[in-house]
Structures are given as C-alpha cells and as structure tokens.
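Notes for the one structure printed next.
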Amino acid sequence: MKILVVDDEQLDLFVTKKLLGLEFEAEGFTSVEEALRWAGDNHFDVVLIDYYLTPTILAHHVLKDLRAIKGDTFKAFVLSNYVDDQQARELRSAGFADIIYKPITLEKFREQVKN
C-alpha cells in the first residue's frame with residue numbers, strides 16, 4: 001500500500017512517514033503544491049491530510065484538488081489533534097473516510113484503513 005501524507009508541520013510529517021514506513025510505502029509533503037504535483041505523476045492508495053494546513057487551506061480543500069486529479073482511486077483520512085462533532089460531519093461529507101487522531105499509531109492506521 002502506498003500512502004501520501006500532507007502535513008504542514010515538518011516534525012509531524014517526519015514521524016508519520018517514519019512510522020508508516022515500517023510497514024508501508026509512504027511519501028510526504030509539507031507543501032500542498034508539491035503534494036499535488038507529486039500526486040499528478042504517482043499512484044497512491046491512501047492519503048492522510050492534516051486538518052489545518054494554513055489559515056486559508058484546510059484538509060477538505062486539498063482533498064477536492066486531489067479528487068480532481070485522481071478521481072476516487074484512493075481512500076482519504078484527516079489527521080488531527082482535535083475536531084469537534086460538526087467538523088467531523090463536514091469532513092465525512094467532503095469525502096473523508098474518517099479522522100485519525102494524532103499521535104498516529106500503526107494499529108490505529110491499520111484499523112481505520114480496514115474499515
């Protein structure tokens with residue numbers, strides 16, 4: 001399984017890629033633009049997008065752009081420390097399968113992807 005990770009925090013991105021890299025192929029970016037360029041040229045099965053990337057770019061904005069490039073060929077999850085119930089409903093309506101709360105673990109990731 002190939003995983004794309006988009007997180008504006010360099011340390012969070014590093015930790016997530018290292019952890020997922022123990023069992024999966026993981027590619028990650030802190031730049032949304034770089035992630036979208038990479039996605040246009042590469043296949044991935046799952047994307048993990050940090051909820052709050054910049055004051056004007058949230059996870060659902062990135063998912064919309066990725067769907068425009070790749071269609072429904074991948075499963076999408078939000079990475080977050082916290083989202084309230086209303087935000088969770090909006091994210092699921094936007095096309096995310098679920099929310100994976102930080103800190104991520106392999107067990108949590110495997111369970112979410114399997115569902």
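- A side-chain N or O of Ser31 and one of Glu33 form a donor-acceptor pair less than 3.5 Å apart.
- Taking both residues in full, the closest heavy atoms of Gln112 and Phe77 are given as O-CZ, 3.5 Å, listed atom of the first, atom of the second, then distance.
- Remark: Lys18 NZ is loosely packed, at most 12 non-hydrogen atoms of other residues, nucleotides or ligands lying under 6.0 Å away.
- Residue Asp41 holds its CG atom at 9.5 Å from CD1 of Ile69, rounded to the nearest 0.5 Å.
- For Lys64, the NZ atom sits in a loose shell: 12 or fewer heavy atoms of surrounding residues, nucleotides or ligands are nearer than 6.0 Å.
- Across all non-hydrogen atoms, the minimal contact from Trp38 to His43 is CH2-O, 4.0 Å.
- Rounding to the nearest 0.5 Å gives a distance of 12.0 Å between CD1 of Ile100 and CG of Asp50.
- In this structure, the separation between CG on Leu36 and CD on Glu34 is 10.5 Å, given to the nearest 0.5 Å.
- Relative to the ring axis of Phe74, Arg67 places its NZ or CZ within 45° and under 6.0 Å from the centre.
- Within 6.0 Å of CD in Glu90 there are more than 12 heavy atoms belonging to other residues, nucleotides or ligands.
- Taken together through direct or relayed side-chain contacts under 4.5 Å among Ile, Leu, Val, Met, Phe, Trp and Tyr, Leu22 and Ile3 form part of one hydrophobic cluster.
- A chain of hydrophobic side-chain contacts below 4.5 Å, direct or via other Ile, Leu, Val, Met, Phe, Trp or Tyr residues, connects Leu58 to Val6.
- The number of heavy atoms from other shown groups lying within 6.0 Å of CD (Gln86) is above 12.
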### Query
Could you go step by step and tell me if Asp98 and Arg92 meet the side-chain contact (heavy atoms from CB on, under 4.5 Å) rule?
CA-CA 6 Å; Asp98 211 343; Arg92 287 184 184 98; 2.6 Å; yes
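- Taking each heavy atom of Phe29 and Ala35 in turn, the nearest pair found is CD1-CA, 3.6 Å.
- Checked against a 6.0 Å centroid threshold, the rings of Phe109 and Phe24 count as neighbours.
- Nearest heavy atoms, Asn42 versus Lys70: O-NZ, 2.8 Å.
- The shortest distance between side-chain heavy atoms of Leu106 and Leu19 falls below 4.5 Å.
- How far CG of Asp8 is from CD1 of Ile57: 10.0 Å, rounded to the nearest 0.5 Å.
- Under the 4.5 Å side-chain contact rule for hydrophobic residues, Ile99 and Val47 share a cluster.
- Contact between Leu53 and Ile49 at its shortest, heavy atoms only, is CD1-CG2, 3.9 Å.
- Within the 4.5 Å cutoff, the side chain of Val5 has no heavy atoms near those of the Glu27 side chain.
- Atom CG of Leu13 is separated from atom CG of Leu48 by 10.5 Å, given to the nearest 0.5 angstrom.
- By the 4.0 Å N-to-carboxylate-O rule, Lys75 lies too far from Asp45 to be salt-bridged with it.
- Looking only at distances, a side-chain donor or acceptor of Gln87 sits under 3.5 Å from a matching main-chain atom of Asp84.
- Between Tyr51 and Tyr82, every side-chain heavy-atom pair lies at or beyond the 4.5 Å cut-off.
- For Ala76 against Leu63, the heavy-atom pair with the smallest separation is CB-CD1, 3.6 Å.
- Separation of atoms OG1 (Thr105) and CZ (Arg110) is listed at 8.0 Å; rounding is to 0.5 Å.
- The shortest side-chain heavy-atom distance between Leu79 and Tyr101 does not fall under the 4.5 Å cut-off.
- Looking only at distances, no side-chain donor or acceptor of Lys17 sits under 3.5 Å from a matching main-chain atom of Asp12.
- Comment: Lys102 engages Asp7 in a salt bridge, judged by a side-chain N to carboxylate O separation of less than 4.0 angstrom.
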